[in-house]
Amino acid sequence: MKHMASERHTLSILVDNEAGVLARIVGLFSARGYNIESLTVADVTADHAVSRITVVTSGPPPVIEQIMAQLDRIVPVHRVLDLTALGPHVEREMALVKVAGTGAARDEALRIADIFRARPVDTTTGSFVFEVSGPTSKVDQFIALMREVGLVEVARTGVVAIARGAEAV
Amino acid sequence: MGAEMTGADIVVKALTDLGVEVIFGYPGGAVLPIYDAIFAQSRIKHILVRHEQAAVHAAEGYARSSGKVGVVLVTSGPGATNAVTGITDALMDSVPIVVLTGQVPTHLIGTDAFQECDTVGITRHCSKHNYLVKETARLGPVLHEAFYIARSGRPGPVVIDIPKDVQIFKARYEKPGVIGHKTYKPQIKGDRASIEAAVEMLAAAERPILYTGGGIINSGPVAAQLLRELAKLTGAPVTSTLMGLGTMPNEHPQFLGMLGMHGSYEANMAMNRCDLMLCLGARFDDRVTGRLDAFSPNSTKIHVDIDRSALNKTVRVDLGILGDVGGVIEDMIKIWKSRGHKPADLEPWWNDITGWRARDSFGFEQKGKELLPQHAIKRLYELTKAQKPIISTEVGQHQMWAAQHFGFDAPNKWLTSGGLGTMGYGLPAAIGAQLANPGALCIDIAGEASIQMNIQELGTATQYRLPVKVFIINNEYMGMVRQWQELNHGGRYSESYSDSLPDFVKLAEAYGWKGITIEDADGLDAGIAAMLAHDGPVMVDCRVTKLANCFPMIPSGAAHTDMILSAADTLGEADEDAKALV
């Protein structure tokens, strides 16, 4: 099993929005040695009763299957969905990227931001904070370019994801 | 809706409504209101243990020997942390228990108050589920839900942490009707098409084996009867894990004995050579499989389990069936009969098995006065089997010898710490079993090292006049540690000698027990007879030969076919990879 190629999977976990539920999920990953590449959580129903956790994890297919089964065992978990396995879905994350500099570097930062449709949400005469969103690869690429023009700090949300089409999961 | 009651009264009322007859516990500051409520009633009997770990093991023994939910009540802080080993033990062995822990009042939570600990945080990953109840009105629903979760699906421990103010405030309580849960819905009924496929595979197999485990015991006594019927219909050999002993009668001709690290040669060889493995309520534990890439290489594997995460966890199976194992076996029997299947011609397969059996891998030769531990356990079995005793054990060599040489004919008679391997389990488990089965002969087969881990419970047995027997296989070593040091670490017996042992007879007498010493083989039968003749609790210090090893043995990380049958096969020093394995 450990010799099989690792795959990246995006899981959606619907849980009761109750105290300690996130600790149950995160603790399961650490206790059993599973990877978490990113994790987001927020309540998603009108009555605030259900939270949706999006976890990006990686492992060989049997490990992904075991992660799903282990998550499903947790009492306050409603459903566990492997969006990667289910088919077409949209993944997005957002980053706030702080860049400091003056002169040509500053101009270049603004030009690149425009190409990436990153919005300046804060500015001083010597800095910008850009808001950029998109697939992880786009955010990675934007941050890589910003490194060359004065990147000082990054905050990222991690991935949120949802299946394509009219149906709810 | 009923009248308003205090939280403490709600706890006792709900437990009464749930049919609880016995609670194992230890009082302390944060549970005093509940103890006050217990004081005011007579329906529920409280058993005062001497250490909270023992309360949990006693509840486990109570639960495993009766099929009921075991209940524990302890205080906050050290009461809760002392219970953690027992809770973990119950999780590993799928024992239904509910543990009530006191907590500091809600306004003090998080302030490092006296006897505060983060009980729900600490027990989150060693319980099936846990609760911190912050409102008195939630107590009733949570208690009923906790029992439902503990006993349904794959059973396990549920912890309910109750702050002291929640015990004192008042709320209304009403006994709920049918208990369900909005997210927890274990699948009980196995998929029909999969079960049909399993039956066809079984009918077509030339070398089938039924690999059975503790799930059959958890499924209820009917499941063991159904297993016996399935075995009869198919003619297939049956082996059992440590946790499943008793589901097949020990003397049954189709029963190959326990499999795994210290299992029988025939069981392990049959697992290795079978063409169809039907795993019923077992979980492919590392103590069973040995080296995974050499585990039963040529078989088609079917796994029936109530826990989805047990399917394909360590061993990939060809057909996984999610559901209660008793129900699945029942369906298999019905389908087998309705399709008119007859037992296949398994004669060549049984000839192979007969050949392996002839190795007599559990054999030993008792000669002279020096007493072999295997012989001591064998005679204990022979002299008590008519009374159908309930046997608990501690952990180590004596546990494996008991599994090998004590025969079990029925489920719920064998209480042992399998998954966690908790020394100190046996005495409190025997106490719990005795309370659930007042007329039964309850014996803890112990080691002289393990018994000292919960020795304080001698007092509990005395207080409640429980006639439990403790039969110590005393070889003056932590025997399994010493054995591994002999086999893997060049015979360097680092810290495994049981030095400064107490005089067990005097110790027993100090607690009001009867103490007996068995010095050698000549005194064995008389010693056992004296133990059985005394109607109160008895501790037997049975002196056995010091350096016996438990064989057969599959060394850690080895394949079933690499079984060591006797000391002559051993190397004395393991390589690094093997040493790294537990």
Side-chain angles (χ1 to χ4, degrees), chain A residues 1-5 7 9 11-34 36 41 43-45 47-53 57 59-82 85 169, chain B residues 88 91 94 106 109-110 118-135 138 142 145-146 148-150 152-161 180-187 283-284 292-293 295 303 305-317 320 322:
Chain A
M1 194 182 290
K2 62 186 163 191
H3 304 300
M4 296 171 77
E7 294 178 359
H9 282 245
L11 312 181
S12 272
I13 310 159
L14 296 170
V15 298
D16 272 344
N17 182 19
E18 63 179 33
V21 68
L22 186 60
R24 291 183 203 280
I25 305 287
V26 176
L28 185 146
F29 276 81
S30 67
R32 294 187 182 267
Y34 305 142
I36 295 182
V41 54
D43 74 83
V44 291
T45 54
D47 59 0
H48 308 288
V50 175
S51 288
R52 182 170 179 136
I53 298 172
T57 185
V63 172
I64 301 292
E65 185 188 321
Q66 184 61 205
I67 292 172
M68 301 279 291
Q70 292 290 351
L71 286 168
D72 210 32
R73 264 193 346 158
I74 297 174
V75 169
V77 168
H78 290 250
R79 292 186 73 188
V80 189
L81 300 155
D82 182 348
V169 290
Chain B
T88 313
L91 182 73
S94 310
T106 46
I109 289 177
D118 177 11
T119 302
V120 285
I122 291 168
T123 60
R124 191 170 286 131
H125 302 295
C126 66
S127 60
K128 182 173 174 184
H129 191 47
N130 66 10
Y131 303 86
L132 169 62
V133 184
K134 287 184 163 175
E135 294 158 36
R138 288 285 303 146
V142 163
E145 188 179 291
Y148 168 68
I149 289 172
S152 63
R154 179 175 177 176
V158 178
V159 177
I160 309 175
D161 199 27
H181 193 279
K182 60 180 185 281
T183 56
Y184 171 77
K185 295 182 177 74
Q187 185 177 330
R283 60 182 178 92
F284 296 93
L292 274 174
D293 59 10
F295 174 69
H303 187 186
D305 205 290
I306 201 160
D307 177 0
R308 181 183 153 200
S309 75
L311 304 175
N312 294 316
K313 183 167 66 179
T314 55
V315 171
R316 300 295 295 178
V317 295
L322 182 62

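This is a predicted model, so every value here is computed, not measured. Naming convention: chains lettered A, B, ... in sequence-line order (proteins, then strands); numbering from 1 in each chain.
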*Taking side chain as C-beta onward, heavy atoms only, is R52(A) less than 4.5 Å from S12(A)?*
yes
*asked:* Under a 4.5 Å cutoff for heavy-atom pairs, which residue among V120(B), D307(B), L292(B) has the most contacts with chain A?
replied: D307(B)
*Does the side chain of F295(B) come within less than 4.5 Å of T314(B)'s, by heavy atoms?*
no
*Would you please say whether a donor-acceptor pair under 3.5 Å links the side chains of Q70(A) and Y34(A)?*
no
_Side-chain donor-acceptor pair present, D82(A), H9(A), cut-off under 3.5 Å_ = yes
*Is chain A contacted by the side chain of K128(B), its backbone, both, or neither, given a heavy-atom distance below 4.5 Å?*
backbone
*Within a radius of less than 6.0 Å around CD of E18(A), do more than 12 heavy atoms belonging to other residues, nucleotides or ligands occur?*
yes
*Counting only heavy atoms closer than 4.5 Å, note whether V77(A) contacts chain B via side chain, backbone, both or neither.*
backbone
*Where does R24(A) contact chain B at under 4.5 Å (heavy atoms): side chain, backbone, both or neither?*
both
_Can you tell me which of A31(A), A19(A), A23(A) forms the most heavy-atom pairs within a distance under 4.5 Å of chain B?_
A23(A)
